[in-house]
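A quick write-up on the structure given underneath.
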Amino acid sequence: MIIVLLGPPGAGKGTQADRLAARLGIPKIATGDVLRAALRDGTKRGREAKAYMDRGDLVPDSVILGILQDVMTSPATAKGAILDGAVRTVPQAEGLGIMLAEIGKKVDRILLFDVDDDELVKRLSTRTVCEGCQTPYMGRDPGSKCEKCGGKLVRRKDDEPEAIRNRLEVYRTQTAPVIDWYGDNKMKVLKIDADGPVDEVTARAIEALNG
Ligand code: AP5
């Protein structure tokens, strides 16, 4: 099953993608994580993406479609994938659809995580993430240890106030139209109330996927 997760920055896409991946036994593919890993490894792709990411802008569609081509043709995604934040523009949605059709696959479900702006800003401005495995935490100071891998928790550069504002604006102008694009193409977008305890949001997502 190929599941696309949509939603604004801080909606909990990464948090829920990990849980859904464990529950469904398919990998999570987060383009943000792929880009940050490329940045750490000093690859051309990472260097190209850095300035866009630091400002909270989207990296060019060509870079994202290159990543999606690599991952969706890899044996690791043979049984499906949870695509976390991997579709953020209409050209990316179109490109993914074409690339999947070429290998006899399609997007099976689309989940939209919905949270109001005040809660998003609160989550992002208090988030730390593991430098190693990227697990996000709330209410843990930078420098603390990751529960999963022992890595160091750090603040993301794009969680500074100006970058957060820009990311929310970019979401409204460039990513929100993807919701209508899927609707126009007869693909149902399942809206999940993503406010509330993490376990409850997971339960709502599972219910929507099974419905
Ligand atoms: P990316 O890393 O994907 O960032 P994002 O989309 O801004 O999303 P976030 O990771 O900030 O939020 P999230 O929804 O995953 O929430 P999380 O689970 O962490 O992308 C970074 C950058 O890469 C982009 O800005 C862009 O430059 C580039 N990029 C990536 N993909 C791209 C693409 N396709 N096209 C172009 N550019 C691309 O949760 C947030 C916080 O809230 C955490 O602290 C978490 O613990 C907490 N939390 C989660 N759920 C709850 C809950 N229910 N209640 C309370 N707290 C919660």
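Scope of the values below: all heavy atoms of this structure, side chains included, with no hydrogens, waters or symmetry mates. Atoms within each ligand, like the ligands themselves, are counted from 1 in listed order.
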Whether Arg55 lies under 4.0 Å from ligand 1, heavy atom: no
Atom 25 (O) of ligand 1 has as its nearest protein heavy atom Asp57 O, 4.1 Å
Is Glu200 near ligand 1, meaning one of its heavy atoms is under 4.0 Å from it? no
Among non-hydrogen protein atoms, atom 23 (O) of ligand 1 lies closest to Met53 CE, 3.4 Å
Looking only at the side chains, is there a donor atom on one of Thr202 and Arg19 sitting less than 3.5 Å from an acceptor on the other? yes
Here the pair of heavy atoms bringing Ala86 nearest to Ile64 is O-CG2, 3.6 Å
side-chain contact (heavy atoms from CB on, under 4.5 Å) test vs Arg156 passes for just one of Gln134, Arg127, Met53, namely Arg127
Checking the N or O distance criterion of under 3.5 Å, is ligand 1 in contact with Asp84? no
Short version for Asp61: what comes under 4.0 Å of ligand 1, heavy atoms counted, is neither
**Asked** Gly7 near ligand 1, heavy-atom distance under 4.0 Å?
**Response** no
closest protein heavy atom to atom 3 (O) of ligand 1 is Arg88 NH2, 2.6 Å
Atom 55 (C) of ligand 1: closest protein heavy atom, distance to 0.1 Å, is Arg123 NE, 3.6 Å
the protein heavy atom lying closest to atom 35 (N) of ligand 1 turns out to be Gln92 NE2, 2.9 Å
| Tyr52 to ligand 1: N or O pair under 3.5 Å? | no
_Is it the case that ligand 1 has an N or O less than 3.5 angstrom from some N or O of Ala86?_
yes
Closest heavy-atom pair, Asp70 versus Thr73, reported as atoms and distance to 0.1 Å, is O-OG1, 3.4 Å
Quick note on ligand 1: atoms under 4.0 Å from a heavy atom of Leu124 include exactly 11 (O)
Note: heavy atom closest to atom 53 (N) of ligand 1, options Ala51, Gly12, Gly196, belongs to Gly196
Quiz item: Does Leu209 offer a backbone N or O that forms a donor-acceptor pair with the side chain of Arg109 under 3.5 Å?
Solution: yes
For atom 44 (O) of ligand 1, the closest protein heavy atom turns out to be Tyr137 O, 3.3 Å
Tell me, yes or no, whether the heavy-atom count around Arg172 atom CZ, taken from other residues, nucleotides or ligands under 6.0 Å, exceeds 12.
yes
>> Around atom NZ of Lys105, are there more than 12 heavy atoms from other residues, nucleotides or ligands closer than 6.0 Å?
In response: yes
**OP:** Flag yes if more than 12 heavy atoms outside Glu207 fall under 6.0 Å of its CD atom; otherwise flag no.
**Re:** no
From the list Ile26, Ile82, Thr15, side-chain contact (heavy atoms from CB on, under 4.5 Å) partner of Leu20 resolves to Ile82
the protein heavy atom lying closest to atom 29 (N) of ligand 1 turns out to be Leu35 CD1, 3.7 Å
So CG of Asp114 and CG of Asp195: to nearest 0.5 Å the spacing works out to 9.0 Å
Touching ligand 1 at all, Ala30? Heavy atoms, strictly under 4.0 Å? no
Smallest heavy-atom separation, Val201 atom then Gly196 atom, equals CG2-O, 3.8 Å
Separation between CD1 (Ile110) and CG (Leu112), nearest 0.5 Å, reads 10.0 Å
If you compare Lys13, Arg127, Arg167 by their heavy atoms, the one closest to atom 10 (O) of ligand 1 turns out to be Arg127
The answer for which part of Gln16 has a heavy atom under 4.0 Å from ligand 1 is neither
Quick note on ligand 1: atoms under 4.0 Å from a heavy atom of Arg36 include exactly 2 (O), 21 (C)
Logged contact type for Ile64 with ligand 1, heavy-atom cut-off 4.0 Å, is side chain
Per-atom filter on ligand 1: closer than 4.0 angstrom to a heavy atom of Gly14 are 13 (P), 15 (O), 18 (O)
Restricting to heavy atoms, the pick from Lys157, Gln174, Lys122, Met138 nearest atom 47 (C) of ligand 1 would be Met138
Review point. Mind checking whether Glu119 has an N or O less than 3.5 Å away from an N or O of ligand 1?
Key: no
Within 4.0 Å of some non-hydrogen atom of Pro8, the atoms of ligand 1 are 14 (O)
Here the atoms of ligand 1 under 4.0 Å from any heavy atom belonging to Pro136 are 19 (O), 43 (C), 46 (O)
In terms of heavy-atom contacts, Arg40 and Gly132 come closest through NH2-O, 4.1 Å
Geometric N/O contact Val201 with ligand 1, under 3.5 angstrom
no
In Val178, Ile179, Asp180, the residue satisfying side-chain contact (heavy atoms from CB on, under 4.5 Å) with Tyr182 is Val178
Taking only non-hydrogen atoms of Ala194 and a 4.0 Å limit, the atoms of ligand 1 in range are 53 (N)
Grouping ILVMFWY residues whenever side-chain heavy atoms fall under 4.5 Å, the cluster of Val115 otherwise contains Leu120, Val121, Leu124, Ile164, Leu168
The reported gap from NZ in Lys148 to OG1 in Thr135 (rounded to nearest 0.5 angstrom) is 3.5 Å
Atom 49 (C) of ligand 1 sits nearest the protein heavy atom Thr15 OG1, 3.4 Å
Based purely on interatomic distance, does Gly10 place a nitrogen or oxygen under 3.5 Å from a nitrogen or oxygen of ligand 1? yes
In this structure, CH2 of Trp181 is separated from OG1 of Thr175 (nearest 0.5 Å) by 14.0 Å
In ligand 1, the atoms that come under 4.0 Å of a heavy atom of Gly85 are 31 (N), 32 (C), 33 (C), 34 (N)
Taking atom OH of Tyr52 as the centre, report whether more than 12 heavy atoms of other residues, nucleotides or ligands fall under 6.0 Å from it. no
